[in-house]
Amino acid sequence: MSDINMTGEVKEINLLDMMGGAVGERVSYELSKIMRNCKDLNTEPKKARTLTVEFSITPTETRDSAAIRVSVKSKLVPVRALDSTLLIGGTSDDPVVMEYTPQVPGQRNFSGGEQEEPKLIKLADAKQA
């Protein structure tokens, strides 16, 4: 894109410099969101994130000017779902659930941490119709 200065000299400008640099600021803002999403260990690393800059240009009837709208948006990768296993016990009238733990409670792992006792999850009383 070009700009004509007071002397009639044509000066090339970058599209990101348009609108007083606001386009470039929006691109930088969305790009920083993408980079934070890339660094998030809770997201899928192999999925692509996208940055879209859309220029919509509508000329006037006389074709002597045009309205321009710039839209900048990013598409991020969602945070991964969490998976676990529940152990089901109790009776059919009074079931209880507890989350499965990979080690015996009280046992130490290689990094020195101790496996906590799993919490029992009391289920709400649901009467069948």
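Side chains included, hydrogens not; waters and symmetry mates left out as well; all remaining heavy atoms used. These numbers were taken from a predicted model, which means no experiment stands behind them.
Atom CZ of Arg69 is separated from atom OG1 of Thr58 by 9.0 Å, given to the nearest 0.5 angstrom. One distance of note links CG of Leu15 with CD1 of Ile68; it measures 8.0 Å at 0.5 Å rounding. In this structure, CG on Leu31 lies 10.0 Å from CZ on Arg36, to the nearest 0.5 angstrom.
A 4.5 Å side-chain heavy-atom check between Val97 and Leu87 finds every atom pair outside the cut-off. Side-chain contact between Val72 and Thr52 is absent, with no heavy-atom pair separated by less than 4.5 Å. When side chains are defined from C-beta on, Leu76 counts as touching Ser74, because their heavy atoms get closer than 4.5 Å.
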Walk me through it: do Val23 and Asp17 pass the test side-chain contact (heavy atoms from CB on, under 4.5 Å)? CA-CA 7 Å; Val23 175; Asp17 293 333; over 6 Å; no
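Shown here for Thr43 and Pro78, the closest heavy-atom pair between the two residues is CG2-O, 3.8 Å. Considering every non-hydrogen atom in both Thr60 and Asp64, the closest pair reads OG1-OD1, 3.1 Å.
One hydrophobic cluster, built from ILVMFWY side chains closer than 4.5 Å, holds both Met19 and Leu51. Cluster membership for Leu41 and Met35, using ILVMFWY side-chain heavy atoms within less than 4.5 angstrom, is not shared.
Judged by distance alone, the side chains of Asn37 and Arg49 do bring a donor and an acceptor atom under 3.5 Å apart.
Legend: residues meeting side chain to side chain contact (heavy atoms under 4.5 Å, CB included) with Lys75, ordered by chain and number and at least two apart, are Thr50.
The neighbour count for Leu86 CG, taken as heavy atoms of other residues, nucleotides or ligands under 6.0 Å away, is above 12. Around the CZ atom of Phe55, the shell of radius 6.0 Å holds more than 12 heavy atoms that belong to other residues, nucleotides or ligands.
Sequence neighbours left out, the pairs with a member in residues 21-30 that pass salt bridge (Lys or Arg N to Asp or Glu O under 4.0 Å) are Glu30-Lys33.
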